[in-house]
Structures are given as C-alpha cells and as structure tokens.
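Presented below is the structure to which this report refers.
All ligand and atom numbering here is 1-based and tracks the order in the structure.
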Amino acid sequence: MEFRDLKQQYQLHKTEIDNAIQNVLTKVNFIQGKQVAALEEVLAEYVGVKHCVTCANGTDALQLALMTWDIGSGDAVFVPDFTFFSSGEVVPLVGATPIFVDIDEDTYNISPQSLEQAIQYVLEKTNLNPRVIVAVDLFGQPADFEQIRKIAARYGLLILEDGAQGFGGRIGTKKACSFGDISTTSFFPAKPLGCYGDGGAVFTENDAWADLIRSYRVHGKGMDKYDNVRIGMNSRLDTIQAAVLLEKIKFFDEEIEKCNQVTEEYTKGLQDVVKVPVVKEGFVSSWAQYTVCFQNNKEREQVIKLLKEQNIPTAVYYRKPMHMQEAFRKYQYRGLEYKVTEKVCERCLSLPMHPYLNTAQIRKVTEHILKSKEVMQ
Ligand SMILES: *Cc1c(COP(=O)(O)O)cnc(C)c1O
C-alpha cells in the first residue's frame, strides 16, 4: 500500500503525460515555453481569480506575496502554529516577525479567537506593526475565511491564503486560492495537484500586485530581465512541469471526488475509535491528508508500530509546533498559548490517502487500527 500513490496515477495517464513531456523536449522550450502561460490561464479560470502567476515552488510563492506587499522589519505576520515549516519560514526571510497562533481542534486550521488574541497581544505588548494573516488550508480544508476576513477588516490586515495543501477545496462554490488578498499553492508531487518536481503559483485579483509578482519572480525585471528595477528572485515554473500539470488538471476534479469517497469509508470505519477529521458544513476538502487523533502519544506510537508491521505506511503531520522549532527560538513570546497545537502534535496521525485506494485497502487500515486499540486495552 502506498501513502500517496503517484505510480498508479502515472500508469493510468502515461500516454498523455509522456506525449506532453516529449513535446517540450522536441521544442527545447524549457524556460517560459507557451505551456506556462497556457497553464496560468487554465488555473486562473479554475480558481476563479483574475491572475495566476506560476513560480518555482510553494515556499517562493509565499515569499513573493510578502515581497509584493513590502512586508519587512518591524512587521508582524500571524501564522498558524500547526503547519508545514514554509508558512512561517518566509516571514523572517523578508525580515518580518512571525507571531504563531493556536488552531481549532476540529479543523486543525487557525483559530479565529486565538488570532484575535494574538493581534491584541502584538498591539498591546510589542512595537510591531500587525500587517498580514497567513491562513493555511491545512490537510485540504479551507480555513474559516468568513471569520478571518472580519478580523482582517477590523484591524486593517492583509490575508495571505497558503493553499499548498488546499488546492481543489471549496467553501460553497468558491474555490481554494480565491480567499486571500493573495493566495498561493504548491505543485510538489505529493500535494493534491502535484507536478513531477517542484512548482508553485500565486493568485490574485489585483492587477498591480500581479505585475509586481511577475517582476519579482524574474530578477525584479522592468522591461525585460536585463532591465532590473528591484531586487527579485529567480523563481519560474519549468515548461516541462507546466506541460505535466496541463494534463493532470483534466482529471483533477475526478480525483478529488474519489478522495471524498475514500474518506467517507475511512470515517465510517473509524469514527467510534479515534477522532476523525471534521469538515465543516458547506466546506469541501481536497484531502491532502486524512489525519486522525488518538487519546495520547503512547497510543499513537503503538498504532504506528502495529500498522508498520502490516506494511501500512503512516506519517505524523506534524510532530512539533512551529513555536517550538529551533529556527524560531528568538521569536518566542511569553503570554501566548498553544494548548490545542501541543495536544494535536502528540496525538495526530495521517493515514494512506489518495484517489486510488480501494475498499479492501481502506478496510485493512481501519481493521488494523481497531485491532491495535483492542490489543492495548
Ligand atoms: C508544501 C507546503 C508549502 C511549501 O511548498 P513547496 O512547494 O514544498 O515549497 C507551504 N505551505 C504548506 C502548508 C505546505 O504544505
């Protein structure tokens, strides 16, 4: 059993994908070939926003957004305490200060109440200027953008939606990567829409910001890349990756549909024994991960061991809260609490999750979790 079955996906669509790659090889248009612009158009339309600017990866996409808003020294950027390192890493990269925020226990996404407390804390206890909320669509489910938007309006903050795991998710009919003032995603192979290497994209409705992002991604270009009007980056999406994504977007919705069937089966089998993921009313997850919580760390480690003996792969996303990462040590603030994140980090476990899991495999996973819980009693 694969944790995420990219082999099967490739075998199913091998002809189209091979042809798409071969086409790029024949034309040798490896950098900014026409497939890149074509993909940007397709993705902007898919998400329902005016601009899509592709780039080299999801981390650069976040950095490009912060650079576009001129975020830097003296600025506070609010980031969930439970997420992949990148969501916070980019903040010191541009010279700003990350303020970590506790999460909601059901959705694993940033808690609006904790967010407001953190903003108050920064205003009252620091000299920092609150500027940006990074809202992550963790494990595929969009963050609570209705509440986040209200808080952003109240304090005059910008919203950066980190949709690296959320691409393809929805709230009502609105798609992930349309909720931020700027939104980003990643095409890392294991993400919901993955390419065959690194890749990322930035989305926005704002024409001026889109122009800035296009400049920053190619060495701060003015007229062209030999006319440099600002300090930028080298962060382009390869033509080969764009060609792969143009094929994969064609069956992407079908895959999300299948993931939702898989998770229904998982939840039916597991809801009486572990804390299963909660998708809020009106929300659709793209299921980057199916993450459950056990009663304590001991129980989780025991289950990991027993599943491994059955060749069932699992992963712990994430073991360490962001505020406890060594790299962020100098940003620790007394007075903010991370009770939910600390609890979830001790108990969470992500199970094999992809569109090609069949009923027998799902049953094998759920039955062995049930069995290991019985062994422990
Ligand atoms: C994967 C991920 C990123 C970074 O994407 P890369 O393409 O690997 O740079 C950022 N944020 C979150 C939440 C992610 O899961």
**Asked** Using a threshold of 4.0 angstrom between heavy atoms of the protein and any atom of ligand 1, which residues qualify?
**Response** N57, G58, T59, T83, F84, S86, S87, V136, D162, A164, Q165, S186, K191, G199
**Asked** So, E301 and R319, do they make that salt bridge, N to O below 4.0 Å?
**Response** yes
**Request:** Please name all residues satisfying salt bridge (charged side-chain N to carboxylate O under 4.0 Å, His left out) with K320, sequence neighbours left out, ordered by chain then number.
**Result:** none
**Message:** In terms of relative ring orientation, are F82 and Y318 parallel, tilted or perpendicular, with 30° and 60° separating the classes?
**Reply:** perpendicular
**Message:** Parallel, tilted or perpendicular, judged at 30° and 60°: which one describes the rings of W69 and W209?
**Reply:** perpendicular
**Request:** May I ask you to say whether K221 pairs ionically with D227, meaning some side-chain N is under 4.0 Å from a carboxylate O?
**Result:** no
**Prompt:** Which class fits the ring pair F139 and Y108: parallel under 30°, tilted 30 to 60°, perpendicular over 60°?
**Reply:** perpendicular
